[in-house]
Novice: 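Please read through the structure below; I'll follow up with questions.
In the text below, chain A, chain B and the rest are named by the order of the sequence lines, each starting its count at 1.
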Number of protein chains: 2
Amino acid sequence: MAVTLGQVARHAGVSLATASRALNGSARTVGDGLAARVRASAEELGYLPNAPAQALARATTATIGVLLHDIADPYFGALAKGATDTAADAGLLTMVLNTGGDPEVELRCIRMLHAQRVRAIVLAGSGYTDPAATAAIDAALALYRAEGGAVTAVTDHGAEYDTVLPDNRGGAAALTRALLEQGYRRLAVVSGPERFRVSAERLAGVADALAEVGLTLDQMPQERTEFSRIGGRDAVGRLLGRLPGAEERPEVVLALSDVCAVGVLAELRERGIDVPGGIAVAGFDDIPLAADLAPALTTVGMPLQRMGAEAVGLALSRQDEDASAPARTVRLPVAPTLRASTGTP
Amino acid sequence: MAVTLGQVARHAGVSLATASRALNGSARTVGDGLAARVRASAEELGYLPNAPAQALARATTATIGVLLHDIADPYFGALAKGATDTAADAGLLTMVLNTGGDPEVELRCIRMLHAQRVRAIVLAGSGYTDPAATAAIDAALALYRAEGGAVTAVTDHGAEYDTVLPDNRGGAAALTRALLEQGYRRLAVVSGPERFRVSAERLAGVADALAEVGLTLDQMPQERTEFSRIGGRDAVGRLLGRLPGAEERPEVVLALSDVCAVGVLAELRERGIDVPGGIAVAGFDDIPLAADLAPALTTVGMPLQRMGAEAVGLALSRQDEDASAPARTVRLPVAPTLRASTGTP
DNA sequence: TGGTCTCGGGAAAGCGCTTTCCAGGGTGAA
DNA sequence: TTCACCCTGGAAAGCGCTTTCCCGAGACCA
C-alpha cells in the first residue's frame with residue numbers, strides 16, 4: 001500500500017542503498033545528479049519514510065516520553081509545553097502519558113516507553129515516598145538506562161537521575177516567611193498526599209520558616225489532600241468543620257499547590273467567608289491563571305515551562321556524551337509572589 | 001544489548017515462533033506447559049518487546065497522534081486529557097504535537113505522524129479558512145487515510161472526516177440571547193483569528209441572536225485577536241482606545257474564547273474598570289478555572305474532556321469497520337453558563 | 001484399521017529500512 | 001606507467017519481530 005524506499009529507488013533507477021543515503025541522510029555522500037533524481041522520485045511518488053522500520057534498522061527512535069500526573073492540570077500542562085516544544089525543536093516526537101500519580105501506573109508506563117525504545121523518559125510528576133514503589137520504578141528505569149535510554153526528573157526522584165530541581169523547600173520557607181512578616185500567626189497548612197515527595201519538601205520549608213519565629217508545624221491545623229481542586233475544597237471543609245468557632249479559625253490557609261488553593265477559594269466563597277478579610281489564602285506553583293483568580297492568588301512562582309524544557313535539554317545532552325557521566329542537577333530558583341489573596345502587606 | 005525474543009526462546013528451549021505466540025498473542029494457541037516456560041524465561045531475562053520491530057512486522061503500531069494548538073492552553077489540556085486517557089484504555093500511546101495554530105506546522109506534523117504510522121490522527125485544533133492551507137492538509141491526510149490511517153476532527157475540518165462537533169454557532173447564539181435578555185444592547189465582540197473556522201462559526205451565532213432583536217454585528221464594536229490571554233488584553237485595550245468616552249463604551253465584552261476573556265478581565269482590572277458594574281464580560285469554552293476567576297466568568301460550557309474522548313473513540317471504532325464507511329458526526333450540545341462577570345440576571 | 005482432521009510446534013520468509021562490504025573508476029604521487 | 005588511494009554506487013546482510021507454510025502426532029469417524 002504505502003510507497004516504500006524500494007519503489008522510489010526503482011523509479012529513480014538507483015539502488016536501495018543510494019536512495020536511502022540520498023533521502024534519509026548518512027555519513028556517505030551521494031552524487032548531486034543522482035541525489036536530485038532520487039529526491040524528485042520521492043516527491044513524485046509521495047514517499048514518506050517508515051519510522052518504525054528506520055527505528056529498527058538504526059536501533060534508535062526519534063521519540064521521547066513524558067510521564068506526568070494529569071495533562072489537564074495547568075501545572076503539568078505548562079511543564080508539558082516546555083518539554084514538547086524543546087523536543088520538537090530537536091526533531092523528536094513526544095509521547096505524553098498520564099499516570100494519575102499512581103506508582104503502579106507509572107511503572108507500567110515506563111515499561112511501555114521502554115518497549116517503544118524512546119530516546120528519553122522525562123519524569124515530570126513527583127517522586128514517591130513509598131520505598132517499594134520507588135524500588136520497582138528504579139529497577140525498570142535502570143534496565144532502560146542500561147540499554148542507552150536517558151532519564152531526567154523534574155523535582156527529586158533520586159540522585160541517580162539528571163534532575164531539574166526547583167527549590168521547593170526554600171520556596172515554601174520564603175512564602176511562609178512573607179506571611180509571617182505580614183503578621184499572620186495562625187497558619188493552616190493544606191499539604192499534598194503523603195505518597196509524593198514534593199509534599200514533604202514543601203512542608204519542610206514551611207516548618208523551617210515557622211521555626212525562625214519560634215513556632216512549629218504541630219501548632220498549626222493541617223490537612224492532607226490530593227493536589228486537585230476538589231481536594232482543596234474537601235480539605236478546607238474538614239478544616240472548618242474541626243474549627244467551628246470564628247476565633248479558632250486560621251488567619252491564613254496555605255495550600256501547597258495552586259490547584260488546591262483554587263478549591264480552597266471556591267469553598268470559602270461558597271461559605272461566604274471573605275478572602276483575605278475572613279481568611280487569607282496562599283498557593284504554590286504560580287500556574288498561569290493564578291493572577292486572574294478571585295482574588296488574585298498569592299503563591300510561589302515556578303518557571304514551569306522552562307522546567308519542562310530544561311528536562312528535555314538535559315536528556316538530549318546526555319545522548320551525546322558518555323552515558324555513564326555523573327548525574328547533573330539544574331537548580332532553579334523560585335520566589336513567592338504576593339497578591340490580593342493574602343491582603344496588602 | 002537489549003534482551004530479544006530470540007534469547008527468550010533459546011532460554012526456554014523453544015522456537016522463535018512459539019515464543020512470539022506465547023508472549024505477544026496470536027491467533028494460534030501454545031500448549032500450557034510451553035507457554036508457562038516461555039513466560040518464566042521472559043520474566044527472568046527481563047524481556048520487553050521491541051515495539052518498532054513489532055510495528056514493522058505487524059504493519060501497525062500501538063500509537064495515535066493528537067494535533068493541537070498549545071498543550072498549555074487549558075482548552076486543549078482538557079481535550080488532550082480525554083484523548084490520552086481513552087487511548088490508554090485501548091492500550092495505545094499518544095503523541096501530542098503543538099502546532100501553534102499554524103497550518104504549515106500542522107502539515108509537517110501530519111507528515112511526521114504518517115511516517116510514524118500512528119493508527120489515528122486527531123485534529124484537535126480549529127480548521128483553517130485558507131483554502132490553500134486546507135487543501136495541502138487534506139491532501140496529506142488523504143494519503144494517510146489511503147494507507148489505513150483514521151482521522152477524526154474536533155470541530156469542523158471538512159465533511160470527509162469523522163467529526164466531534166460541539167454546536168459552536170448555537171452556543172454563541174444562546175449566550176448572546178441570554179445577554180440580550182439581561183438587557184445588554186451595546187455588545188463588543190472580541191473574536192478569534194480569521195484563519196480559524198471556529199471564529200467564524202461563533203461569530204455567526206452571535207449574529208443570529210442579534211438578528212432576532214433587530215440588531216446586526218456591524219453595529220457592534222469588534223476586535224479580532226489571537227485566542228490567548230495577551231490577545232484578550234490587547235483587544236480590549238484597542239477597543240477602549242477607539243472608544244474613549246464612557247458613554248460609547250460597550251456594556252458587555254463578549255470574548256469568543258475563555259483564555260481571551262481572562263485577558264480582557266485582567267486589562268479591565270488594571271484600568272480600574274469594574275466588572276460587571278462598568279463593563280460586563282463573557283467568554284466561551286468553560287475552561288476548568290472559569291468559575292474561579294475574578295469575577296466568575298459567564299461562558300459557554302463545552303464538554304471538553306468528553307470531546308477528546310469521543311474523538312479517539314470515533315477513530316478506534318473506524319479501525320474495526322469498513323474503512324470506507326461514510327464519515328460520522330457526533331454532535332455535542334453546549335449551553336451558556338451565566339456567572340458573576342455579566343451581573344445577576 | 002485406514003483415512004481425514006485438527007492441533008501444537010518449528011523453519012523460514014519477509015516487514016522497510018540502514019549499513020557494511022565489495023567493486024570499479026578516477027586521481028595524485030612516484 | 002604504475003601503485004595506492006579515495007570516492008561513489010550497488011549487493012546483501014541484518015535489525016527483532018510476526019506469520020505463513022510445513023510436518024508429525026493424536027483424535028475421530030466410518
Novice: For B:Arg10 and C:dA11, give me the distance from atom CZ to atom P, rounded to whole Å.
Specialist: 13 Å
Novice: Within the pair A:Gln54 and C:dT18, is there a side-chain N or O less than 4.0 Å away from OP1 or OP2?
Specialist: yes
Novice: Can you check the B:Glu147 CD to C:dC15 C1' distance for me, whole Å?
Specialist: 14 Å
Novice: Without decimals, in angstroms, what is the distance between B:Asn50 CG and C:dC15 P?
Specialist: 18 Å
Novice: Looking only at heavy atoms, what is the nearest atom pair of B:Val3 and B:Leu45, with distance?
Specialist: CG2-O, 3.3 Å
Novice: Under a 3.5 Å cutoff, is there a donor and acceptor pairing between the side chains of A:Glu106 and A:Tyr128?
Specialist: yes
Novice: How many whole angstroms separate atom CG of A:Leu56 from atom C1' of C:dT18?
Specialist: 10 Å
Novice: Between B:Ala53 and A:Ala19, just flag the one whose closest nucleotide in DNA chain C comes earlier from the 5' side.
Specialist: B:Ala53
Novice: What is the distance from CZ of A:Arg117 to P of D:dG16, rounded to the nearest Å?
Specialist: 9 Å
Novice: Whole angstroms only, please: what is the CZ-C1' distance between A:Arg58 and D:dA13?
Specialist: 18 Å
Novice: When the distance from CG of B:Asn24 to C1' of D:dT19 is rounded to whole Å, what number comes out?
Specialist: 13 Å
Novice: Could you state the atom-to-atom distance from CG of A:Leu5 to P of C:dC15 in whole Å?
Specialist: 14 Å
Novice: Which sits closer to the 5' end of DNA chain D, A:Thr29 or B:Arg28, going by the nucleotide each is nearest to?
Specialist: A:Thr29
Novice: Could a donor-acceptor pair under 3.5 angstrom be found where the side chain of A:Arg21 meets the base of D:dG10?
Specialist: yes
Novice: Within the 4.0 Å heavy-atom criterion, would you say A:Ala59 contacts the bases, only the backbone, or no part of the nucleic acid?
Specialist: nothing
Novice: Would you call the rings of B:Phe76 and B:His69 parallel, tilted or perpendicular, where under 30° means parallel and over 60° means perpendicular?
Specialist: tilted
Novice: For A:Pro52, report the nucleic acid contact type (base, sugar-phosphate, nothing); a contact means any heavy atom under 4.0 Å.
Specialist: nothing
Novice: Is there a donor in the side chain of B:Ser317 and an acceptor in the side chain of B:Arg328, or the other way round, less than 3.5 Å apart?
Specialist: yes
Novice: Is the phosphate of D:dT18, meaning OP1 or OP2, less than 4.0 Å from a side-chain N or O of B:Ser20?
Specialist: yes
Novice: Heavy atoms from C-beta onward define the side chain here; which of C:dG9, D:dC17, C:dC17 lies closest to that of A:Tyr47?
Specialist: C:dC17
Novice: Does a donor on one side chain sit under 3.5 Å from an acceptor on the other, for A:Tyr161 and A:Asp138?
Specialist: yes
Novice: Of all the nucleotides listed (C:dG9, D:dG16, D:dA12), which has the minimum atom distance to the side chain of B:Thr18?
Specialist: C:dG9
Novice: Base, sugar-phosphate alone, or nothing: which one does B:Thr4 contact when heavy atoms must sit under 4.0 Å apart?
Specialist: sugar-phosphate
